[in-house]
Structure formats: C-alpha cells, structure tokens
Amino acid sequence: MLLGAIADDFTGASDLANTLARGGMATMQFVGPGRGKVNCEAGVVALKTRSVPVEDAVLQSMDAARWLLDQGCEQIFFKYCSTFDSTREGNIGPVAEALQRLTGADVTVVCPAFPATGRRVFMSHLFVKDKLLSESGMENHPLTPMTDPDIRRWLRYQTRGGVGSITLDTVREGSGAIRSRLRDELTDGNRLVVVDAIEDEDLMTIGEAVADHALVTGGSGLAQGLARNFARHGKLSGIPADVPVVTGPGVVLCGSCSLASQNQVACHLQNHPGLSIDPAAIVRGTMSVEIAARWVASNAADNPIVYSTTSPDVVSFVQQRFGREESAKILEDFFGSLAKRLADSGTRQIVVGGGETSGAVVEALGLKHMTIGAEIDPGVPVLVSEYGRSMRPIGLALKSGNFGSPDFFAKALDRIAGHE
Ligand SMILES: Nc1ncnc2c1ncn2[C@@H]1O[C@H](COP(=O)(O)OP(=O)(O)O)[C@@H](O)[C@H]1O
Ligand SMILES: O=C(O)[C@@H](O)C(=O)COP(=O)(O)O
C-alpha cells in the first residue's frame, strides 16, 4: 500500500476511492480497519465518525491510521466532506492534530475543495457553486448545519493550535511557493493551514507541494494530485480492477434531506413507486421494517424508493419532538435493518442517499470491503462487495447528500447492472 486514507463517512470514502481509482491507483475501500495484509496501492478506510464526539473520532481514526501504517503506506490522507461538515465541537481539527502526532507531520494542509462538484475555496472561504457555504442549503443540515463559510474559523473552534492560510495567488505561483509558505506558517506556529483552490489544476499543484508530507487532509479533489505523485514516480501497476456486473432486484434508500437529494427523490417518484418514512410513525409502530420490506417486495420489479427525505421545516419539527441525535438514530437503525432484511431476501442492488445513512446501511449489511467500479456521477462510483455467508456479489452506490444529477437513482441502478 502506498497511500492510506481515512474517511469520516461512507459516501466520502467511496468518493475518495473513486478519485484514487480514476487516478490510476489500485484502490480498495474497507469498512473500518481491515484484517491482515492486503494487496492494493490505495486503501480507504471508511469510518462513521463525522458526527461522533471528539474522543471517539480520534480513537477510531488512530486505529485506522495504525492499521494503514502497518500496511507500509508512505502517506496518510484524512478525508472530510467537501462542505467541511462538522460543528464547533466537531472533530476534524482534533483528528488532524492526533494524526500529526502519530505520523510526526509538522505542518499539514487543509483543503476541502472539489471543483467538479462546485466546491471551491477562496480566501479560506468555502463556496458551493455560486453560493457561500452558509447560504448553500448546508446551513439547514440535520446534523452539521454549516452556518459559517470561513474554514479557518471552524478549525479554530475545534483546535488549540494555530491555523494559517495560503491564498490562491501563492498557489498559482507553484508548488515551490506553497512549500515555502508552509514553512513560514510553521515558523508562525500554524500547523494546520487552509489552502485556496478553485480548479483541479490548483489541487494538482498543492498535491505536488505535499508529495513528501506524511499527512495530508482534504476533500477528495486533493487526492487527484496525490495519485499523480505516485504515478509520476512510476509506482503504480496500472492494472485495472476487475469489477463484476450485478443484476437482480434493486432498491433506493434515501435518508438524506440535502437539496440535491430532495430533487432526486422527486425525480425518481415520477416513474417509480415510493414509500415515505416518518420517524414518528416508526415510534408509534405504524411503520416498521417488516411493513416496509413487504412494500418493497410487492414493488420489486419497479426499482422502488424508500425515503425519509423531507424539508428543513419538517426536520426541525421532528428534531424538536424526538431530539436531533435520537431522530437520526431512529431513521439510521430503520434503514440499516431494512437493507439487511432486503439483502437477505434477494435484493442485489442497493442505492443509498446520504452519508450517515450509507454508514448505517453498510454496517448493518456487515460488508468488510468493496471494489470500485464505474463512476456514476462526479464523486459517486459503483461499489461491489460480497454479501453474507454465501458471499454473493451485491452492488451498491453510496451517494453524498448533495452529489448527483436529478435522475441519479435510476442511473445508478442501471450502472450497477452494467448498462451505460
Ligand atoms: N425526516 C427526517 N427527520 C429528521 N431527521 C432525518 C429525517 N430524514 C433523515 N434524517 C437524518 O438526517 C441525517 C442526514 O444525514 P446523511 O444521511 O448524512 O445525509 P447527507 O448526505 O445529506 O448529509 C441522517 O442522520 C438521517 O437519519
Ligand atoms: O466530500 C464530499 O462532499 C463527499 O465525499 C462527502 O463526504 C459526502 O458526505 P454526505 O454529504 O454526508 O453524504
């Protein structure tokens, strides 16, 4: 293993694995740290740590990093969301600092930019397409409302150490200029440094500047540059992964309330049957995994969708009634158990909307690792794993809340089945 990556959620992990695979690295995605010695050039460990307390996130991330270092990797990459999903008490800063201690890294870049999906960093402020992060819809996220677009400020809430910044004009001067500014930031006591990037070429330049860094942090965009470093040094085998086509009954499970997911759910409902899940109905017992599984079975031929996706107003009403964490848990447990029940009764393709929801589904399915197939839309690949004791192939797509075109769900099921 050359590059070892830790992702703080499952959609993020598959987004990163997709970038690394497209960058020519033989890539595997693991659900938590793997076991024994594995054979790949890039290993991405998916964790479900985005919304957990600092101490827990640090422990899990350190375990993952130790396992990756045991695999002999030369560099550790810590992947967080391209919308920097966290809270003031969030764990991105503390995990980055703990990984610095483990790897001996002195100064580390922070760059969530992912231009292919409209995420750009300018003057340390994060934009989503033409909107500041805090006006992009992310300010209404059910778990991590991003109410401030300034990444330095988020990090300062979360860390004790200094936070520096490198602006686009320095990035455009080239990798040498970035390296020299990083040294200056270190001298000033800033060991985490937010770096601007608005185009893929900026990310390539930053990647080149940090080629010899033991630790790099960012969104999946920055990984393009890291993959290119290994390719340039002739370290990649160039052998493409063998990913089987998976056909059979398919279902969409969407627990994301992000804007793109709302449009995608509406679009899927135009031509496919849908079952809307209200957390209050689960609590009352008028909705259950059994009821939903029966409904899916009776609509199995039509690629049905089960969703809790709803407007910010309804989400805040639900959260006031049941609590923020509690309502998320009710729904995540529901989607996880439903996915397992469906997979046990023959569902072969599962498309999931939402990072936390994806984590709950993949963990409930008990999957250990996944191979990376074709890209469906920027940041979302087909994933194939082995399910259950029979180890039969199961095809998945784990869609980040705000990724994908309106017809993503139907397209994903097509791609898993090998159709263009
Ligand atoms: N109707 C709802 N009411 C309250 N919380 C919800 C509702 N639907 C989904 N959620 C919760 O919101 C969170 C959405 O997060 P996630 O799945 O990561 O989506 P995204 O990728 O859009 O961030 C999940 O924890 C989910 O269980
Ligand atoms: O970087 C990104 O935007 C994604 O890879 C990601 O992390 C997605 O998270 P969710 O929006 O919570 O699915």
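Start at 1 and go down the list; that is how both ligands and their atoms are numbered.
Every atom of ligand 1 is numbered from 1 in the order shown, and the set under 4.0 Å from a heavy atom of Leu143 is 25 (O). Near Pro142, with a cut-off below 4.0 Å to any heavy atom, the atoms of ligand 1 are 12 (O). Within the listing of ligand 2, atoms 2 (C), 3 (O), 4 (C) sit less than 4.0 angstrom from a heavy atom of Phe403. Remark: ligand 1 atoms within the under-4.0 Å shell around heavy atoms of His141 are 20 (P), 23 (O). Within the listing of ligand 2, atoms 1 (O), 2 (C), 3 (O) sit less than 4.0 angstrom from a heavy atom of Ser82. Remark: ligand 1 atoms within the under-4.0 Å shell around heavy atoms of Thr357 are 17 (O). Numbered from 1 in the order shown, with element, the atoms of ligand 2 that lie under 4.0 Å from a heavy atom of Asp9 read 7 (O), 9 (O), 10 (P), 12 (O), 13 (O). Close approach of ligand 2 to Lys79 is summarised as follows: ligand atoms under 4.0 Å from at least one heavy atom of the residue are 1 (O), 2 (C), 4 (C), 5 (O), 6 (C), 7 (O). Of all the atoms in ligand 1, the ones that sit under 4.0 Å from a non-hydrogen atom of Ser258 are 20 (P), 22 (O). Near Cys257, meaning under 4.0 Å from one of its heavy atoms, ligand 1 places the atoms 7 (C), 8 (N), 9 (C). Against a heavy-atom cut-off of under 4.0 Å, Thr310 is close to the following atoms of ligand 1: 1 (N). Close approach of ligand 2 to Asp15 is summarised as follows: ligand atoms under 4.0 Å from at least one heavy atom of the residue are 1 (O), 2 (C), 4 (C), 5 (O).
In this model, a donor atom of one side chain and an acceptor atom of the other lie less than 3.5 Å apart for Gln158 and Ser86. Between Asp8 and Thr49, the side chains place no donor N or O within less than 3.5 Å of an acceptor N or O (distance only, hydrogens not considered). Looking only at atom types and distance, the side chain of Ser134 has no donor-acceptor partner in the side chain of Glu139 under 3.5 Å away. Side chain to side chain, Lys399 and Ser261 meet the donor-acceptor criterion of an N or O pair below 3.5 Å. With 3.5 Å as the limit, one finds no donor-acceptor pair spanning the side chains of Lys48 and Gln60. A donor-acceptor contact closer than 3.5 angstrom is absent between the side chains of Asn229 and Glu208. Between the side chains of Asp377 and Ser405, a donor-acceptor pair is found at a separation under 3.5 Å. A donor atom on one side chain and an acceptor atom on the other are not found under 3.5 Å apart for Asp9 and Tyr80.
For the atom pair CG (Leu413) and CZ (Phe408), the distance works out to 9.0 Å, reported to the nearest 0.5 Å. Note: Ser385 OG to His369 NE2 = 6.5 Å, rounded to the nearest 0.5 Å. Going from atom OG1 of Thr117 over to atom NZ of Lys129 covers 7.5 Å, rounded to the nearest 0.5 Å.
Within the 4.5 Å cutoff, side-chain heavy atoms of Val128 are placed close to those of Thr83. Phe127 has its side chain within reach of Leu132: a pair of non-hydrogen atoms, C-beta onward, lies under 4.5 Å apart. In this structure, the side chains of Asp169 and Arg172 stay at 4.5 Å or more apart for every pair of heavy atoms.
Closest heavy-atom approach to atom 7 (C) of ligand 1 among the candidates Ile277, Asp278, Leu331: Leu331. When the options Ser400, Gly12, Pro112 are ranked by their closest heavy atom to atom 11 (O) of ligand 2, first place goes to Ser400. Scanning Val318, Val314, Leu259 for the heavy atom closest to atom 4 (C) of ligand 1 points to Val318.
Residue contacts with ligand 1: Ser261 is placed with no nitrogen or oxygen under 3.5 Å of a nitrogen or oxygen of the ligand (distance criterion only). For the pair Ser308 and ligand 1, the shortest N or O to N or O distance falls below 3.5 Å. Taking any N or O of Lys399, backbone or side chain, none lies under 3.5 Å from an N or O belonging to ligand 1. Annotation: Phe114 places no N or O atom under 3.5 Å from an N or O atom of ligand 2; distance criterion only. Below 3.5 Å of separation, one finds no N or O of Arg119 facing any N or O of ligand 2. Of the polar atoms of Ser400, none of the N or O atoms is found under 3.5 Å from an N or O of ligand 1, judged by distance alone. Polar contact with ligand 1: absent for Gln319 (N/O pair, distance under 3.5 Å). Here's the thing with Val315: none of its N/O atoms is less than 3.5 angstrom from an N/O atom of ligand 1. Distances between N or O atoms of Lys399 and those of ligand 2 include no value under 3.5 Å. At under 3.5 Å, not a single nitrogen or oxygen of Ser327, backbone or side chain, sits near a nitrogen or oxygen of ligand 1. Considering backbone and side-chain N/O atoms, Gly401 comes within less than 3.5 Å of an N/O atom of ligand 1.
Taking the centre of each ring, Phe409 and Tyr307 stay at or above the 6.0 Å mark.
Looking from atom 18 (O) of ligand 1 to the surrounding protein, the closest heavy atom is Glu356 N, 2.7 Å. In terms of protein heavy atoms, atom 6 (C) of ligand 2 is closest to Cys81 SG, 3.5 Å. When only non-hydrogen protein atoms are considered, atom 9 (C) of ligand 1 lies nearest to Gly255 O, 3.0 Å. What sits closest to atom 24 (C) of ligand 1 on the protein, heavy atoms only, is Glu332 OE2, 3.6 Å. Considering only non-hydrogen protein atoms, atom 13 (O) of ligand 2 sits nearest to Thr11 OG1, 2.8 Å. With hydrogens left out, the protein atom closest to atom 19 (O) of ligand 1 is Gly354 CA, 3.4 Å, a heavy atom. Looking from atom 12 (O) of ligand 2 to the surrounding protein, the closest heavy atom is Arg50 NH1, 3.1 Å.
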Dump the intermediate steps for side-chain hydrogen bond (donor to acceptor under 3.5 Å, both in side chains) on Ser237 and Glu41, then the final yes or no.
CA-CA 9 Å; Ser237 69; Glu41 290 162 346; 3.2 Å; yes
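Taking the six-membered ring where tryptophan is involved, the planes of Trp154 and Tyr157 are perpendicular, since the angle between them exceeds 60° and thus also 30°.
Under the 6.0 Å distance and 45° angle rule, Arg119 does not count as a cation-pi partner of Phe114.
Ion pairing between Arg341 and Glu290 holds under the 4.0 Å rule for side-chain N and carboxylate O.
Look at Glu356 and you'll find every heavy atom at least 4.0 Å from all atoms of ligand 2.
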